[in-house]
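Keep in mind that this is a model prediction, so the values were computed, not measured. Both ligands and their constituent atoms are indexed starting at 1 by order of listing.
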Amino acid sequence: MTKTFDPTFLKGRAVLAPMAGITDSAFRLICRRFGAALVYSEMISAEALSRRHSKTIKMTSFREAERPIAVQLFGTRPAAFAESVERLENEIRPDYYDLNFGCPAPKIVKNGGGSALLKFPERIAEIARTVVKASGRPVLAKIRSGWEVGSENALEVAKLLEECGISAIAIHGRTRSQMFSGKADWEVIAKIKQQLKIPVIGNGDVASGLDARRMIGQTGCDLVMVGRAALGNPFLFSEINATLNSELRIQNSEAPAVSWLERMEVIKEHMAMSVADKGEARGIREMRKHLSWYIKGIPGAAALRQELMHAETEEGTLKLLEKIDPEKGNDE
Ligand SMILES: Cc1cc2nc3c(=O)[nH]c(=O)nc-3n(C[C@H](O)[C@H](O)[C@H](O)COP(=O)(O)O)c2cc1C
């Protein structure tokens with residue numbers, strides 16, 4: 001099998017970012033439906049996977065319709081990555097693996113994983129080489145611009161990853177110390193794109209079709225990765241695709257409004273999958289944050305949000321959502 005990652009084979013140029021606690025199978029499938037060209041799993045612990053931790057194994061499962069999918073792994077020990085990949089190769093065969101060298105969360109960096117590895121490029125290289133060797137398919141990597149302002153080393157790390165056989169790199173233009181503050185630096189994406197041969201996926205602050213077009217224009221990136229702006233708004237992928245497809249004809253993209261009834265259909269489907277995958281109690285509990293994003297901007301959302309936080313069943317949740325007047329829901 002070829003280990004090349006060819007973005008022109010994807011349908012579209014906007015991909016769903018990996019987001020812990022969010023990009024589970026249900027949400028990924030919904031985003032694929034609305035035109036995400038590629039979806040990433042939540043970050044998954046290579047250490048836990050290599051130990052066959054059953055909850056972690058469950059996190060790796062996906063529906064065939066989600067393909068193409070990248071399963072993202074985090075950790076520090078190359079052997080744990082290799083063992084995880086060998087098992088996944090035998091069991092679920094995702095389209096790609098992705099290595100997390102960007103997570104800023106304290107519980108991950110205190111163990112030396114995620115963005116903490118940016119301080120140790122040699123360890124990053126060791127992990128990358130090991131996974132590339134263990135995997136029969138392309139291995140991607142995701143990095144931040146550096147550990148902290150003043151010690152940005154994304155370009156050096158990206159070049160190293162390319163030398164190690166990584167097939168594409170996603171770059172979030174913020175350092176670890178910036179967490180999610182300020183504006184993402186797209187310059188670093190442009191620099192990396194100029195110097196690498198492998199495809200580059202730009203990430204940070206894309207919230208509209210026009211942003212996606214601007215990022216591609218300013219950086220030359222092959223794909224754009226969308227995270228927070230897709231929360232409660234999987235429709236964004238179709239807006240981005242429409243904007244990019246009509247690039248030559250129109251200057252401004254007027255995103256067609258999504259009616260409350262359409263939104264409600266998506267919510268129902270999302271919730272039904274969440275319940276089917278996780279059981280009602282956990283499925284509904286995990287849906288609460290999505291619901292609060294889906295109803296953002298709708299008149300009466302604040303009060304409804306409070307009620308939704310206490311709903312325990314699918315039926316009860318739907319009853320609460322049905323209180324939204326479809327006409328008012330459209331006034332967003
Ligand atoms: C709630 C949340 C969870 C995240 N989890 C992950 C993760 O598991 N792996 C990862 O590489 N990045 C993770 N990220 C970072 C995103 O993938 C992305 O790089 C970041 O949100 C910037 O993109 P955006 O401006 O489009 O949101 C997470 C971000 C958020 C907001």
Considering non-hydrogen atoms of the protein only, which is the closest contact for [atom], and what is the distance?
atom	value
atom 1 (C) of ligand 1	Ile22 CD1, 3.6 Å
atom 9 (N) of ligand 1	Gln72 OE1, 2.8 Å
atom 5 (N) of ligand 1	Ala20 N, 2.8 Å
atom 31 (C) of ligand 1	Arg228 CG, 3.5 Å
atom 12 (N) of ligand 1	Lys142 NZ, 3.0 Å
atom 6 (C) of ligand 1	Pro18 O, 3.1 Å

With heavy-atom distances below 4.0 Å as the criterion, list the atoms of ligand 1 near Ala17. 17 (O)
Heavy-atom pairs closer than 4.0 Å: do any link ligand 1 to the side chain of Met43, the backbone, both, or neither? both
With heavy atoms only and a cut-off of under 4.0 Å, state how Asn203 meets ligand 1: side chain, backbone, both or neither.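 Side chain only.
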Please say whether the positively charged group of Arg67, taken as NZ for Lys or CZ for Arg, lies over the ring of Phe9, i.e. under 6.0 angstrom from the six-membered ring centre and within 45 degrees of the axis.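 The answer is no; the distance or angle limit is not met.
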Of all the heavy atoms in Gly204, does at least one lie under 4.0 Å from an atom in ligand 1? yes
Is the closest heavy atom of Phe180 to ligand 1 under 4.0 Å? yes
Side-chain touch Ser45/Phe74, heavy atoms, less than 4.5 angstrom: yes
If you measure every N/O of [X] against every N/O of ligand 1, is any gap under 3.5 Å?
X	result
Gly227	yes
Ala229	no
Asp205	yes

Given Glu126 and Arg123, is the salt bridge (charged side-chain N to carboxylate O under 4.0 Å, His left out) satisfied, shown in steps? CA-CA 5 Å; Glu126 204 186 327; Arg123 176 51 76 99; 3.7 Å; yes
With salt bridge (charged side-chain N to carboxylate O under 4.0 Å, His left out) as the test, pick out the partner of Glu286 among Arg288, Arg282, Lys289.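 Among Arg288, Arg282, Lys289, the one meeting salt bridge (charged side-chain N to carboxylate O under 4.0 Å, His left out) with Glu286 is Arg282.
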Which of these passes salt bridge (charged side-chain N to carboxylate O under 4.0 Å, His left out) with Asp205: Arg228, Arg214, Lys183? Arg228
Taking everything shown except Glu262 itself, do over 12 heavy atoms lie less than 6.0 Å from its CD?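 Count over threshold, so yes.
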Does a side-chain N-to-carboxylate-O contact under 4.0 Å join Arg28 and Glu66? yes
Under 4.0 Å between a side-chain nitrogen and a carboxylate oxygen: does that hold for Asp24 and Lys58? no
Going by the angle between their ring planes, with limits at 30° and 60°, are Trp293 and His290 parallel, tilted or perpendicular?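 Trp293 vs His290 ring planes: perpendicular.
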